[in-house]
Visitor: 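Quick one: the structure is below, and I'll ask about it shortly.
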Number of protein chains: 2
Amino acid sequence: MPPSHPPANSSLESALQTLRDHQARVTEPRRAILTILTSEHGPFTVEEIYQRIEKGVCDLVTVYRSLAAMEEINLVRRCDFGDGAYRYEFNTGDHHHHHIICRTCRSVKTLDFCVADSLERMARQLGYENVTHTLEIFGVCVNCQKKAARAGGPNPAVPG
Amino acid sequence: MPPSHPPANSSLESALQTLRDHQARVTEPRRAILTILTSEHGPFTVEEIYQRIEKGVCDLVTVYRSLAAMEEINLVRRCDFGDGAYRYEFNTGDHHHHHIICRTCRSVKTLDFCVADSLERMARQLGYENVTHTLEIFGVCVNCQKKAARAGGPNPAVPG
DNA sequence: CCGCCAAATGCAATTTAATTGCATTAATAT
DNA sequence: ATATTAATGCAATTAAATTGCATTTGGCGG
Ligand SMILES: [Mn+2]
Ligand SMILES: [Mn+2]
Ligand SMILES: [Zn+2]
Ligand SMILES: [Zn+2]
């Protein structure tokens with residue numbers, strides 16, 4: 001039987017390699033951030049990521065800067081749920097997807113496909129280059145509907 | 001020949017009526033804001049709207065508050081281009097549409113249709129209520145490509 | 001036409017996510 | 001091991017947006 005290499009978190013390992021490939025250094029804060037993002041889908045606010053990192057490992061501003069650096073090399077993707085705080089998720093690269101966000105509890109459901117390809121094609125036909133898009137679905141999830149029903153009151157207005 | 005009623009800006013008039021219908025008062029700042037939004041598509045940042053209003057008519061915070069009030073009654077729509085400043089446009093109501101935004105000069109092209117209906121349907125089937133969505137296309141417009149070519153340098157990275 | 005009153009406004013202070021400056025630390029190449 | 005310089009910590013700062021409160025004003029009843 002051949003010696004079993006540590007399987008561990010392979011997306012983490014390839015993420016760290018991506019850092020090296022871009023002449024970016026593999027530091028403890030970056031390792032911590034990527035460990036979180038490769039093990040839970042998220043997306044998470046910067047604050048949420050910071051709170052999940054063992055206390056004392058790094059400063060909040062390092063999380064900001066690390067995520068910004070990672071976004072530039074497409075290691076992570078920044079999401080905007082329109083509530084004043086950006087969120088980040090690990091970028092699987094190949095598999096483009098979108099989200100349904102509960103505008104009450106901010107829970108997220110993933111939709112593993114995209115309907116905007118036709119729009120991107122159209123934009124390129126109009127002469128645009130470097131075309132991307134953002135697409136988010138908002139609603140009130142079943143859980144929050146139940147809670148609202150119990151409380152009897154109407155639910156507060158939130159962007160979306 | 002029958003006396004010609006003033007044709008003027010009919011969407012402005014109906015917008016003002018919408019205010020009245022919601023027990024909201026028709027004030028000079030609101031009239032000014034709606035005059036702008038019903039005559040140019042936009043969308044415009046709060047600052048841009050403020051600058052288009054004749055100086056001295058109102059304070060910037062009034063533009064913020066007016067737009068917030070108008071959004072609650074669906075008179076205007078808030079757009080998020082991911083660059084840190086919300087934008088507002090007049091809500092035609094019936095005709096849902098989207099935008100292609102140049103990530104260099106922020107110019108906007110309107111797409112008069114929507115491909116996200118199927119996603120909204122899916123969200124409702126998953127039990128979500130009050131479903132909406134945001135969808136924006138980003139790219140670099142032809143103008144900015146020419147400018148970049150003339151300048152010879154690469155263009156700066158911007159969200160999208 | 002006048003006066004009332006809640007809604008809307010002006011101005012200043014505040015909030016808060018995000019960014020920046022700069023001295024220090026530490027990851028990587030040689 | 002040493003040099004290089006990217007990355008970090010801490011504090012200050014930015015800027016869009018919000019809030020508090022005194023004042024003004026639009027719309028209504030008389
Ligand atoms: Mn996701
Ligand atoms: Mn539009
Ligand atoms: Zn929910
Ligand atoms: Zn452009």
Side-chain angles (χ1 to χ4, degrees), chain A residues 15-34 42-51 53-73 75-76 78-88 106 156-159, chain B residues 13 15-34 42-51 53-73 75-76 78-88 106 156-160:
Chain A
L16 298 180
Q17 189 53 49
T18 302
L19 283 177
R20 293 185 196 102
D21 293 345
H22 287 80
Q23 289 78 47
R25 294 177 182 175
V26 175
T27 64
E28 202 188 344
R30 290 176 179 190
R31 204 183 289 269
I33 292 168
L34 286 170
F44 301 111
T45 63
V46 178
E47 197 70 50
E48 284 168 347
I49 294 169
Y50 177 62
Q51 284 168 6
I53 297 175
E54 193 187 345
K55 201 188 158 179
V57 168
C58 73
D59 194 80
L60 176 61
V61 75
T62 296
V63 183
Y64 272 103
R65 290 197 266 226
S66 296
L67 288 168
M70 293 176 191
E71 194 198 7
E72 271 186 65
I73 60 178
L75 250 184
V76 301
R78 196 179 78 172
C79 303
D80 187 345
F81 290 178
D83 62 351
Y86 291 126
R87 286 168 172 78
Y88 289 89
R106 298 283 143 190
V158 183
Chain B
E13 286 311 315
L16 298 180
Q17 189 54 48
T18 303
L19 284 178
R20 293 184 196 103
D21 293 346
H22 288 80
Q23 289 77 46
R25 292 180 182 173
V26 176
T27 64
E28 204 188 343
R30 291 177 178 189
R31 203 182 289 269
I33 292 168
L34 287 170
F44 301 111
T45 64
V46 178
E47 197 69 50
E48 285 167 347
I49 295 169
Y50 177 63
Q51 284 167 6
I53 297 174
E54 192 187 345
K55 200 189 159 181
V57 167
C58 73
D59 193 81
L60 175 62
V61 76
T62 296
V63 183
Y64 273 103
R65 290 196 266 227
S66 296
L67 288 167
M70 292 175 191
E71 195 198 8
E72 271 186 63
I73 60 178
L75 249 184
V76 301
R78 197 178 78 171
C79 303
D80 187 344
F81 290 179
D83 62 351
Y86 291 127
R87 285 168 173 78
Y88 289 89
R106 298 282 143 188
V158 184

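In what follows, chains carry the letters A, B, and so on, assigned in the order in which the sequence lines appear, proteins first and then strands, with residues in each chain numbered from 1.
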Visitor: Walk me through whether B/Leu34 and B/Met70 qualify under side-chain contact (heavy atoms from CB on, under 4.5 Å).
Guide: CA-CA 9 Å; B/Leu34 287 170; B/Met70 292 175 191; 3.8 Å; yes
Visitor: Using atom CD1 of B/Ile73 as one end and atom P of C/dA7 as the other, report the distance to the nearest whole Å.
Guide: 14 Å
Visitor: A/Ile53 and A/Ala32: which non-hydrogen atoms are nearest, and at how many Å?
Guide: CG2-CB, 4.1 Å
Visitor: Test B/Val76 against B/Ile33 for side-chain contact (heavy atoms from CB on, under 4.5 Å), laying out the working first.
Guide: CA-CA 10 Å; B/Val76 301; B/Ile33 292 168; 6.0 Å; no
Visitor: Take atom CZ of B/Arg31 and atom C1' of C/dT9, then tell me their distance rounded to the nearest Å.
Guide: 16 Å
Visitor: For A/Glu28, enumerate each residue passing the side chain to side chain donor-acceptor pair (under 3.5 Å) test, keeping only those at least two apart in sequence or located in another chain.
Guide: none
Visitor: Could you encode protein contacts along nucleotides 23-30 of chain C as a string, one character per nucleotide from 5' to 3', using B for base contact, S for sugar-phosphate-only contact and - for no contact, with a heavy-atom cut-off of under 4.0 Å?
Guide: ---BBS--
Visitor: Dump the intermediate steps for side-chain contact (heavy atoms from CB on, under 4.5 Å) on B/Thr18 and B/His22, then the final yes or no.
Guide: CA-CA 6 Å; B/Thr18 303; B/His22 288 80; 3.8 Å; yes
Visitor: Rounding to an integer number of Å, can you tell me how far B/Leu19 CG sits from C/dA7 P?
Guide: 15 Å
Visitor: Rounded to whole angstroms, how far apart are CG on B/Asp83 and P on D/dA15?
Guide: 14 Å
Visitor: Looking at five pairs on each end of the helix from C/dC1-D/dG30 to C/dT30-D/dA1, what is the angle between the two axes, given to 10 degrees?
Guide: 40°
Visitor: Grab the two heavy atoms, one from B/Arg30 and one from B/Ala24, that are nearest each other, plus how far apart they are.
Guide: NH1-CB, 3.6 Å
Visitor: What is the distance, to the nearest angstrom, from the OH atom on B/Tyr88 to the C1' atom on D/dA16?
Guide: 11 Å
Visitor: Round to a whole Å and report the spacing from NE2 of B/His22 to P of D/dG27.
Guide: 16 Å
Visitor: Could you work out, with side chain to side chain donor-acceptor pair (under 3.5 Å) as the rule, every residue matching A/Arg87, not counting sequence neighbours?
Guide: A/Asp83
Visitor: Rounding to a whole Å, what distance do you find between A/Gln23:CD and D/dA7:P?
Guide: 10 Å
Visitor: Whole-Å distance between C/dA18 P and A/Tyr86 OH?
Guide: 7 Å
Visitor: Going through the checks in order, is the side-chain contact (heavy atoms from CB on, under 4.5 Å) test met by A/Tyr88 and A/Val46?
Guide: CA-CA 7 Å; A/Tyr88 289 89; A/Val46 178; 3.8 Å; yes
Visitor: Among residues 55-70 of chain A, which contact DNA chain D at a heavy-atom distance under 4.0 Å?
Guide: A/Val57, A/Cys58, A/Asp59, A/Val61, A/Thr62, A/Arg65, A/Ser66
Visitor: Return the minimal non-hydrogen interatomic distance between B/Leu19 and B/Arg25, and the atom names on each side.
Guide: CD1-O, 4.2 Å
Visitor: Search all heavy atoms of A/Phe81 against all heavy atoms of A/Pro43 and return the closest pair with its distance.
Guide: CZ-CG, 3.6 Å
Visitor: With a cut-off of 3.5 Å and sequence neighbours excluded, list every side-chain donor-acceptor pair involving residues 55-62 of chain A.
Guide:
| residue | atom | partner | partner atom | Å |
| --- | --- | --- | --- | --- |
| A/Asp59 | OD2 | A/Val61 | N | 3.0 |

